[in-house]
Amino acid sequence: MGNRNVIITGANSGIGKAAAVKFASEGYHVIMACRDLIKSKKALHEVVRISKNEFVELMEVDVSSFGSIRKFCSEFKQNHQKLDILIHNAGHFNHGMKTYQLSADKIELTFATNTFGPFLMTELLLDYLEKSDGPRVLSANTTNIKHFFNPKREIEFGNLQGEYKTSRPYNAYKMYGDSKMGLLLLTYKMAEKYKPSGVKVNSLMVPAVKVSEETLKRLNLYYRTLGRLIQNVNPYSLSPKQMADIYFQICTSDRFNNTTGSLISSDLNIITPAQTNLPLNFYTLISELWNTKHMPAYATNPEHINKMWALSKKVGYRNK
């Protein structure tokens, strides 16, 4: 598989690093797309050592920055003939943050990183994906989107560029869930748009995952304590290596040759939209967080999908 290229964003730690090891071990040419090259060099050496594959390279990209994404895509095209697999693994969730943060492009930082950035990167690399004989795009999603079973929950489309940063309270957890729902909406639209060219676009609902002590130390005391508790108590928490295997299956196996525009569970089943939204209470929420059979109807509403697509086009290309 040395002639097959895979880009993995956020490949310097956690699931991304484990995925880099998995693909490299299987003979793929892996491009580790990371924000901090100095900190990521150690991860690069570890991936090469563990996989025994020299065809692993490190490239710089800040997924929250449109300029950085454009530079990354341009440099990739200068050195490669095609792209076979694109995995949007990098994400931003600043636990406990109480105030709005904006990206270099004046976009709410969570949305810039988790939604608009992956969209722009996919668009810019589309022509190289089309050169592959089996191109696949996979984005990491979250069970947080289950909160959209609440009929009152919606993405605040008019507050993604800091419009109300001084007058509305900031909720990092809600913004993270909204950004991942936005990415799922784009997944459906990209799958529709790219279908004629054969590019398959899917999203994976990542369940509870064991994270490294290094990652836990970056959280505040509350979330650090909660994280350790969940990891130790939840017997169903998966390891980064297990998640990497799931990434690999979705992106390479014949089982998903014809799958596109789908949200996939960690047990490799397609998650279907619920017929209607459910009333949100504590017991309903807990039940739905464990249920991998269906997702909120909000995700497949054409109005929401088209609105997210139009905004992403406008925002991502306004400074071209």
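All of these numbers come straight from a predicted model, not from anything done at the bench.
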**Q** Give a yes or no on whether the backbone of G91 and the side-chain of T113 come within a donor-acceptor separation of less than 3.5 Å.
**A** no

**Q** Salt-bridge test for K174 and D178: reply yes if a basic N is under 4.0 Å from a carboxylate O, no otherwise.
**A** yes

**Q** Under the side-chain contact (heavy atoms from CB on, under 4.5 Å) criterion, do T115 and M181 qualify, and how do the steps go?
**A** CA-CA 9 Å; T115 312; M181 175 56 79; over 6 Å; no

**Q** Only one of K165, K98, E108 forms a side chain to side chain donor-acceptor pair (under 3.5 Å) with Y170, so which one is it?
**A** E108

**Q** Any Lys/Arg nitrogen of D133 or R4 sitting under 4.0 Å from an Asp/Glu carboxylate oxygen of the other?
**A** yes

**Q** Are F256 and V206 grouped together when hydrophobic residues (ILVMFWY) are joined by side-chain heavy atoms under 4.5 angstrom apart?
**A** yes

**Q** Report the distance from atom CG of L186 to atom CH2 of W309, rounding to the nearest 0.5 Å.
**A** 7.0 Å

**Q** Any chance you could measure L58, atom CG, to S40, atom OG, to the nearest 0.5 Å?
**A** 5.5 Å

**Q** How far does OG1 of T122 sit from CD1 of I69, to the nearest 0.5 angstrom?
**A** 9.0 Å

**Q** Kindly indicate whether the side chain of P207, heavy atoms from C-beta on, has any atom under 4.5 Å from the side chain of L238.
**A** yes

**Q** Is it true that a side-chain atom of N12 and a backbone atom of C34 form a donor plus acceptor pair closer than 3.5 Å?
**A** no

**Q** My understanding is that only residues two or more places apart in sequence, or in another chain, count here; which of them pass side-chain contact (heavy atoms from CB on, under 4.5 Å) with N94?
**A** H92, M97, Q101

**Q** What closest approach, in Å, do R136 and C251 show between heavy atoms, and which atom pair accounts for it?
**A** CD-O, 3.2 Å

**Q** Would a 4.5 Å heavy-atom cut-off, applied to side chains only, mark Q249 and R255 as touching?
**A** no

**Q** I need the T110 OG1 to L102 CG distance, nearest 0.5 Å.
**A** 10.0 Å

**Q** Answer yes or no: is there an ion pair linking D84 with K82, defined by an N-O contact shorter than 4.0 Å?
**A** yes

**Q** Answer whether the closest heavy-atom distance between the side chains of P118 and V63 falls below 4.5 Å.
**A** yes

**Q** For Y128 and K77, indicate whether the former's side chain and the latter's backbone hold a donor-acceptor pair under 3.5 Å.
**A** yes

**Q** Tell me whether V56 is reachable from F248 by hopping between hydrophobic residues (I, L, V, M, F, W, Y) whose side-chain heavy atoms are closer than 4.5 Å.
**A** yes

**Q** Check whether the ring centres of Y298 and H304 lie less than 6.0 Å apart, and answer yes or no.
**A** yes

**Q** Could you check if a side-chain atom of V315 sits within less than 4.5 angstrom of a side-chain atom of Q161, using non-hydrogen atoms only?
**A** yes

**Q** Indicate yes or no for a side-chain donor-acceptor contact from N144 to the backbone of Y176 under 3.5 Å, with no hydrogens or angles considered.
**A** no

**Q** Could you check whether any side-chain N or O of R35 sits under 3.5 Å from a backbone N or O of A90, counting only pairs where one atom can act as donor and the other as acceptor?
**A** no

**Q** With the threshold set at 4.0 Å, does a side-chain nitrogen-carboxylate oxygen contact exist between E60 and K71?
**A** no

**Q** Quick one: closest heavy-atom pair of F116 and M308, and the distance?
**A** CE2-CE, 3.6 Å

**Q** Mark yes or no for whether E156, through its side chain, and N159, through its backbone, hold a donor-acceptor pair below 3.5 Å.
**A** no

**Q** Taking the side chain as every heavy atom from C-beta outward, state whether Y28 and K22 have any pair of such atoms under 4.5 Å apart.
**A** no

**Q** Could you go through the side-chain contact (heavy atoms from CB on, under 4.5 Å) check for T300 and M295 one step at a time?
**A** CA-CA 9 Å; T300 53; M295 60 183 164; 4.1 Å; yes

**Q** Are a donor atom and an acceptor atom from the side chains of Y247 and N89 found within less than 3.5 Å of each other?
**A** yes

**Q** So, do L204 and I246 sit near enough that their side-chain heavy atoms are less than 4.5 Å apart?
**A** yes

**Q** If you compare all heavy atoms of L185 against all heavy atoms of A299, which two are closest, and at what distance to 0.1 Å?
**A** CD2-O, 3.1 Å

**Q** Are I85 and L183 grouped together when hydrophobic residues (ILVMFWY) are joined by side-chain heavy atoms under 4.5 angstrom apart?
**A** no

**Q** Walk me through it: do F148 and R153 pass the test side-chain contact (heavy atoms from CB on, under 4.5 Å)?
**A** CA-CA 5 Å; F148 279 84; R153 178 70 176 262; 3.5 Å; yes

**Q** Does one hydrophobic cluster hold both F111 and L109, with members joined at side-chain heavy-atom distances below 4.5 Å?
**A** no

**Q** Could you tell me whether the side chain of D105 and the main chain of I107 form a donor-acceptor pair under 3.5 Å?
**A** no

**Q** Determine yes or no for a side-chain-to-main-chain donor-acceptor pair under 3.5 angstrom, with S51 supplying the side chain and V21 the backbone.
**A** no

**Q** Step by step, would you call K41 with M32 a side-chain contact (heavy atoms from CB on, under 4.5 Å)?
**A** CA-CA 10 Å; K41 284 181 179 178; M32 300 171 62; over 6 Å; no

**Q** State the CE-OG distance between M243 and S266, to the nearest 0.5 angstrom.
**A** 6.0 Å

**Q** Would the distance check show the side chain of N79 and the main-chain N or O of E75 forming a donor-acceptor pair, the cut-off being under 3.5 Å?
**A** yes

**Q** When you group the ILVMFWY residues by side-chain heavy-atom contacts below 4.5 Å and let the links chain together, are I155 and Y164 in the same group?
**A** no

**Q** Got more than 12 heavy atoms from elsewhere within 6.0 Å of NZ, K42?
**A** no

**Q** How close do V61 and A33 get, heavy atom to heavy atom, and via which atoms?
**A** CG1-CB, 3.6 Å

**Q** Could you tell me which non-hydrogen atom of K131 sits nearest to which non-hydrogen atom of Q81, and how far apart they are?
**A** CD-O, 3.1 Å

**Q** Hey, does K195 have a side-chain heavy atom less than 4.5 Å from the side chain of K200?
**A** no

**Q** Are the side chains of E57 and V30 in touch, meaning some heavy atoms are under 4.5 Å apart?
**A** no

**Q** Write down the atom of P240, the atom of A18, and the distance for their closest heavy-atom approach.
**A** O-CB, 3.5 Å

**Q** Pair D62, S68 - check side-chain hydrogen bond (donor to acceptor under 3.5 Å, both in side chains), show working.
**A** CA-CA 6 Å; D62 179 349; S68 179; 5.8 Å; no

**Q** Below 4.0 angstrom, N of the basic side chain to O of the carboxylate: do K307 and E303 qualify?
**A** no

**Q** Within the supplied structure, the quantity of interest is the number of heavy atoms (other residues, nucleotides, ligands) at a distance under 6.0 Å from K193 NZ; does it exceed 12?
**A** no

**Q** Looking at K189 and E192, is any side-chain nitrogen of the basic one under 4.0 Å from a carboxylate oxygen of the acidic one?
**A** yes

**Q** Side-chain donor-acceptor pair under 3.5 Å between H88 and S203, yes or no?
**A** no

**Q** Can you spot which of N5, I87, V47 makes a side-chain contact (heavy atoms from CB on, under 4.5 Å) with F23?
**A** I87

**Q** Would you confirm whether N114, through its side chain, and K180, through its main-chain N or O, come within 3.5 Å as a donor-acceptor pair?
**A** no

**Q** How are the rings of F55 and H29 set to each other: parallel, tilted or perpendicular (split at 30° and 60°)?
**A** tilted

**Q** What residues form a side-chain contact (heavy atoms from CB on, under 4.5 Å) with V201, not counting sequence neighbours?
**A** V137, T187, M190, A191, Y194, V199, T260

**Q** Before accepting this row, confirm whether a basic side-chain N of the pair E163/R168 lies closer than 4.0 Å to the acidic partner's carboxylate O.
**A** no

**Q** How many angstroms lie between atom OG of S265 and atom CD1 of I270, to the nearest 0.5 angstrom?
**A** 8.0 Å

